[in-house]
Amino acid sequence: MQFLNGITLLLVYQLVGEITVRLAGVPIPGPVLGMVMLFITLWIRGRTPESVEQASSALLAHLSLLFVPAGVGMMAHFDRIADEWLPIVLALLLSTVITMIATALIMQLTTRWLVKPDSSAQGGSEP
């Protein structure tokens, strides 16, 4: 029963995100907004409910099955992909490089922001 409660909660957040995006006309996917709302809720609560933990663990355990529809879609449009392979490869490479650079910069900024300097490591003399 915990699993069903967790899945229901995840789907409710997805639905609320989708409804909010459609009503507000925000140019982001509804499930992404729902995920942000879920993250904020869990952050405020300070813990993850057991039902959500169980449902998310089960979904992650079977994550590879969620890629089957995408693979089928690629096979269905194989001719188009073969005709437009160069722009697709360039877009994938460029977006990967941009993502890696952005991730590295964000990691550096957050590390500097979150890590407090250690007063003993600054070369001071010990008593």
Side-chain angles (χ1 to χ4, degrees):
M1 191 67 173
Q2 289 282 340
F3 176 78
L4 289 177
N5 290 339
I7 287 289
T8 302
L9 187 64
L10 293 174
L11 290 174
V12 164
Y13 271 94
Q14 181 177 352
L15 177 65
V16 169
E18 193 68 46
I19 290 171
T20 304
V21 163
R22 289 183 187 245
L23 290 177
V26 182
I28 62 171
V32 172
L33 182 62
M35 182 175 59
V36 169
M37 287 190 270
L38 176 63
F39 174 75
I40 291 170
T41 302
L42 294 176
W43 187 35
I44 290 170
R45 287 189 64 173
R47 65 177 188 84
T48 305
E50 180 63 32
S51 60
V52 174
E53 181 87 30
Q54 196 175 46
S56 60
S57 295
L59 286 172
L60 286 174
H62 302 292
L63 186 64
S64 60
L65 292 176
L66 300 176
F67 288 101
V68 171
V72 170
M74 286 184 64
M75 291 297 104
H77 297 284
F78 187 75
D79 293 336
R80 184 172 183 184
I81 293 171
D83 291 340
E84 300 178 21
W85 69 271
L86 184 59
I88 293 171
V89 168
L90 289 176
L92 287 172
L93 288 175
L94 188 61
S95 65
T96 301
V97 169
I98 290 170
T99 301
M100 291 173 71
I101 291 170
T103 303
L105 292 174
I106 291 170
M107 186 66 187
Q108 284 182 340
L109 289 172
T110 55
T111 302
R112 289 179 188 153
W113 180 52
L114 294 175
V115 174
K116 304 287 186 229
D118 187 14
S119 61
S120 64
Q122 294 188 7
S125 61
E126 298 205 15

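Met37 and Met35 fall into different hydrophobic clusters, where Ile, Leu, Val, Met, Phe, Trp and Tyr are joined by side-chain heavy atoms under 4.5 Å apart, directly or via other members. By the criterion of side-chain heavy atoms lying less than 4.5 angstrom apart, applied directly or through intervening Ile, Leu, Val, Met, Phe, Trp or Tyr residues, Leu33 is grouped together with Leu11 in one hydrophobic cluster. Residue Val21 is not grouped with residue Val36 when hydrophobic side chains (ILVMFWY) are merged at heavy-atom distances under 4.5 angstrom, including chains of intermediate members.
The environment of CE in Met75 is crowded: more than 12 heavy-atom neighbours from other residues, nucleotides or ligands sit within 6.0 Å.
Smallest separation of non-hydrogen atoms from Ile81 and Met74: CD1-O, 3.7 Å. In this structure, Leu42 and Pro49 approach most closely via the heavy-atom pair CD2-CD, 3.6 Å. In terms of heavy-atom proximity, Ser95 sits nearest to Thr99 at O-OG1, 2.7 Å. In plain terms, the two heavy atoms of Gly6 and Ala55 that are nearest each other are C-CB, 3.7 Å. Taking every heavy atom of both residues into account, Ser51 and Asn5 meet most closely at CB-CB, 4.0 Å.
Distance CG/Leu90 to CG/Leu86: 4.5 Å, rounded to 0.5 Å. For the atom pair Trp43 CH2 and Thr48 OG1, the distance stands at 14.0 Å (nearest 0.5 Å).
The shortest side-chain heavy-atom distance between Leu59 and Leu10 falls under the 4.5 Å cut-off.
Side-chain heavy-atom separations under 4.5 angstrom define the hydrophobic clusters, and Leu109 shares its cluster with no other residue.
Gln54 contributes a side-chain N or O that, together with a main-chain N or O of Phe3, makes up a donor-acceptor pair within less than 3.5 Å.
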